[in-house]
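What's counted below: heavy atoms across the whole structure, side chains too, no hydrogens, waters or symmetry copies.
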Amino acid sequence: DHNISLESMGVTVNAVAGALKAFFADLPDPLIPYSLHQELLETSKILDKTEQLHELKEIVKKFHPVNYDVFKYVITHLNRVSQQYKTNFMTADNLSICFWPTLMRPDFENREFLSTTKIHQSVIETFIQQCQFFF
């Protein structure tokens, strides 16, 4: 409802972001399916940025339609937030650091996974920066 003003209700941006992250954490499966995590890692090895973007786009097409729609909405919103970085200090890099664990829900107990956290974060940053290309 675009007529609701959370600001006038005294709801802070941090509370909204926290609620959003909690919602994603409670889903039975992460928004970005585990089955696609390895493919996302593989795209980071592609040196040609144009080819890398096309490969990422192909991976996004594999999302379940509902996941795709929600991912599109979230990433597009994060892109809009990043465009206001001079006011809110939230660059695409900062946003990707905050949101990649929420969108991908990694297994932090897995030592092997810990070595790839920066790669996953950079993939989410790319989605945020290039959202017009993906959607």
Going from [atom1] on [X] to [atom2] on [Y], what distance comes out if it is rounded to the nearest 0.5 angstrom?
{"X": "Tyr34", "Y": "Arg105", "atom1": "OH", "atom2": "CZ", "value": "5.0 Å"}
{"X": "Glu55", "Y": "Thr50", "atom1": "CD", "atom2": "OG1", "value": "12.0 Å"}
{"X": "Trp100", "Y": "His120", "atom1": "CH2", "atom2": "NE2", "value": "6.5 Å"}
{"X": "Leu40", "Y": "Ile119", "atom1": "CG", "atom2": "CD1", "value": "11.0 Å"}
{"X": "Leu36", "Y": "Lys61", "atom1": "CG", "atom2": "NZ", "value": "14.0 Å"}
{"X": "Ile128", "Y": "His77", "atom1": "CD1", "atom2": "NE2", "value": "10.5 Å"}

What is the minimum heavy-atom distance between [X] and [Y], and which atoms define it?
{"X": "Gln129", "Y": "Ala92", "value": "CG-CB, 3.6 Å"}
{"X": "Phe134", "Y": "Lys57", "value": "CE2-N, 3.6 Å"}
{"X": "Gln52", "Y": "Thr43", "value": "NE2-O, 2.8 Å"}
{"X": "Gln132", "Y": "Gln83", "value": "NE2-NE2, 4.1 Å"}
{"X": "Ser96", "Y": "Pro101", "value": "O-CD, 4.4 Å"}

Side chains of Gln130 and Asn79: donor-acceptor distance under 3.5 Å anywhere?
no

Report yes if some heavy atom in the side chain of [X] is under 4.5 Å from a heavy atom in the side chain of [Y]; otherwise report no.
{"X": "Phe71", "Y": "Asn67", "result": "no"}
{"X": "Leu103", "Y": "Phe127", "result": "no"}
{"X": "Ile124", "Y": "Met104", "result": "yes"}

Is there a path from [X] to [Y] through hydrophobic residues (I, L, V, M, F, W, Y) whose side chains come within less than 4.5 Å of each other?
{"X": "Leu31", "Y": "Ile97", "answer": "no"}
{"X": "Phe99", "Y": "Phe24", "answer": "yes"}
{"X": "Leu78", "Y": "Tyr73", "answer": "no"}
{"X": "Phe133", "Y": "Ile32", "answer": "yes"}
{"X": "Met9", "Y": "Val16", "answer": "yes"}

Would you call the rings of Tyr68 and Phe135 parallel, tilted or perpendicular, taking 30° and 60° as the class edges?
perpendicular

Taken in chain and number order and not counting sequence neighbours, the residues that satisfy side-chain contact (heavy atoms from CB on, under 4.5 Å) with Ser5 are Glu7, Ser8

In short, salt bridge (Lys or Arg N to Asp or Glu O under 4.0 Å) pairs touching residues 15-39 with sequence neighbours left out are Glu39-Lys62

Hydrophobic cluster of Ile46, others only, ordered by chain and residue number, side-chain cut-off 4.5 Å:
none

